Amino acid sequence: MKVALVHDYLNEFGGAERVLLALSELFPDAPIYTAFYREDSKTYELFKDKKIVTSWAQKVPFFVTKLHSPLRFLAPFIWGSFRNRLADYDVVISSSSWYITKGLLGNRVIRTSGKRESGDLVTRKPGYPIEICYCHTPPRYLYGYPTSVEWQKYWPVRVYAFFVNHFMRVYDFEASQRVNYFIANSKEVASRIKKFYRRSSDVIYPPVELSRDQRPETRKKKTINHERPTINEPYFLVVSRIVGGKGISLAIEAANKMGFKLKVVGKAAGYGAEDRKIHDIAGDNVEFLGYVEDSELVELYAGAKAFLALATDEDFGIT
């Protein structure tokens, strides 16, 4: 069976990329189609030994670093450029959230009156691939959920987004109707799929693993030291990309007010000013660790007095 994997883009390493890593281990020969990648990212480092197929957007100046968000309306054309190549596979599995990575094979769906146990049945014309969409969430910026960048506070951006997002919502809905099977990463996301797409989905939770080595050939050979490390000073822990909507500022404000030690794991991502904001308000009791390897993260989890999960309207939240 010929399988292709499709992912929004390989730019930053978060929960969605951990899911892609697991899918790539399940289907080691499957190429990864993506809008673009950044060679200086942790994500590219993990996937560089795989066959990565990028779109024409990879070659557009400044698109990878600055323009992919403002020019998000190009997403339909980016995925449309893959259509003929993806048609050669038996199964296409998309890992979808921000960039409307679904409905990749055009207007080729046949709806039937048959019923699955969990809802509607969509089949595809003979000779065309089956498309399975692992949905991390319908794009949050299209449906009123907090996002990593609070673009609403700039009125020119609000006006621009008002028009662009209207057409993107239409496209997102139409693309969702071309998917054969939806997989949701949580019951929360399943309810969003039902609400916004009028589609049923099955829930398969993301894989949760802490290993000492991220390389597939060594991950299963390593063992984790489950002994609780010696704690010199009690601390609370936050693990998150440094973006808006994750509740990091709230954690720091609590640490400042209550005087407890706080460790923050994660790197800045996106265009927001969250990284600068949290450094400005942090006291001496807040320590920023940046990106850490899983082997170190194991010890940080084990040694923490508590883990703070403060994201707003979280999709799943592997941490």
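Because the structure is a prediction, the values reported are computed rather than measured.
- Checking Thr137 against Arg192 by side-chain atom types alone, a donor-acceptor pair falls below 3.5 Å.
- Residues Glu287 and Lys261 are in side-chain contact: their nearest non-hydrogen atoms beyond the backbone lie under 4.5 Å apart.
- The cationic atom of Arg241 (NZ for Lys, CZ for Arg) does not lie both less than 6.0 Å from the six-membered ring centre of Phe13 and within 45° of the ring axis.
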Can Thr65 and Arg38 be said to form a side-chain hydrogen bond (donor to acceptor under 3.5 Å, both in side chains), step by step?
CA-CA 8 Å; Thr65 55; Arg38 288 187 62 168; over 6 Å; no
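- Proximity of Ile281 to Ser249: side-chain heavy atoms (C-beta onward) are separated by under 4.5 Å at one or more points.
- With rounding to the nearest 0.5 angstrom, the SG atom of Cys133 is 14.0 Å from the OH atom of Tyr181.
- Annotation: Phe236 is not in aromatic contact with Phe307 [ring centroid separation under 6.0 Å not met].
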side-chain hydrogen bond (donor to acceptor under 3.5 Å, both in side chains), that's the test. Do Asp172 and Tyr143 meet it? Break it down for me.
CA-CA 11 Å; Asp172 187 44; Tyr143 300 104; 2.7 Å; yes
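- Atom CD1 of Ile242 and atom CZ of Phe288 lie 7.0 Å apart (nearest 0.5 Å).
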Determine, stepwise, if the pair Lys187 / Tyr205 fulfils side chain to side chain contact (heavy atoms under 4.5 Å, CB included).
CA-CA 9 Å; Lys187 293 179 181 179; Tyr205 295 121; 3.8 Å; yes
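- Side chain of Tyr134 to backbone of Ile204: a donor-acceptor contact under 3.5 angstrom is found.
- Rounding to the nearest 0.5 Å gives a distance of 8.5 Å between CH2 of Trp79 and OH of Tyr171.
- In terms of modelled atom types and a separation under 3.5 Å, the side chain of Ser55 and the main chain of Ala35 share a donor-acceptor contact.
- With a 4.5 Å cut-off on side-chain heavy atoms, Leu105 and Leu86 count as touching.
- When side chains are defined from C-beta on, His68 does not count as touching Ile78, because their heavy atoms never get closer than 4.5 Å.
- The main-chain N or O of Phe260 is found under 3.5 Å from a side-chain atom of Asn285 such that the two form a donor-acceptor pair.
- Here Asp49 contributes atom CG and Glu45 contributes atom CD; the two are 8.5 Å apart, rounded to the nearest 0.5 Å.
- Within the cation-pi definition used here (under 6.0 Å to the ring centroid, within 45° of the axis), Lys267 does not qualify as a partner of Tyr291.
- In this structure, Asn165 and Arg72 have side chains that are in contact, with non-hydrogen atoms separated by less than 4.5 Å.
- A donor-acceptor pair is defined here as one N or O able to donate and one able to accept, closer than 3.5 Å; no such pair exists between the side chain of Asn185 and the backbone of Pro206.
- In this structure, the side chains of Arg178 and Lys102 stay at 4.5 Å or more apart for every pair of heavy atoms.
- Aromatic ring centres of Tyr197 and Phe173: separated by at least 6.0 Å.
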One pair to check against side-chain hydrogen bond (donor to acceptor under 3.5 Å, both in side chains): Ser97 and Asp8. What are the steps and the verdict?
CA-CA 7 Å; Ser97 57; Asp8 290 354; 2.9 Å; yes
Carefully, step by step, assess Thr34 and His7 under the rule side-chain hydrogen bond (donor to acceptor under 3.5 Å, both in side chains).
CA-CA 5 Å; Thr34 188; His7 188 69; over 6 Å; no
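- If you check the side chains of Tyr44 and Asn11, you find no donor sitting under 3.5 Å from an acceptor.
- The heavy-atom pair separating Ile193 from Cys135 by the smallest distance is CD1-CB, 3.8 Å.
- Side-chain contact between Val19 and Pro207: present, with at least one pair of heavy atoms (C-beta onward) separated by less than 4.5 Å.
- Judged purely by distance below 3.5 Å, without hydrogens or angles, the side chains of Tyr33 and Tyr89 pair a donor atom with an acceptor atom.
- Between the CZ atom of Phe163 and the CZ atom of Phe73 there is a distance of 14.5 Å, given to the nearest 0.5 Å.
- In this structure, CD1 on Ile132 lies 13.0 Å from OG on Ser95, to the nearest 0.5 angstrom.
- A donor-acceptor pair is defined here as one N or O able to donate and one able to accept, closer than 3.5 Å; no such pair exists between the side chain of Glu314 and the backbone of Ala311.
- Judged purely by atom type and a 3.5 angstrom limit, Tyr235 has no side-chain atom pairing as donor or acceptor with the backbone of Ala306.
- The side-chain heavy atoms of Ile248 and Ser240, taken from C-beta on, include a pair separated by under 4.5 Å.
- Checked against the 6.0 Å centroid criterion, the rings of Trp98 and Tyr141 qualify as a close aromatic pair.
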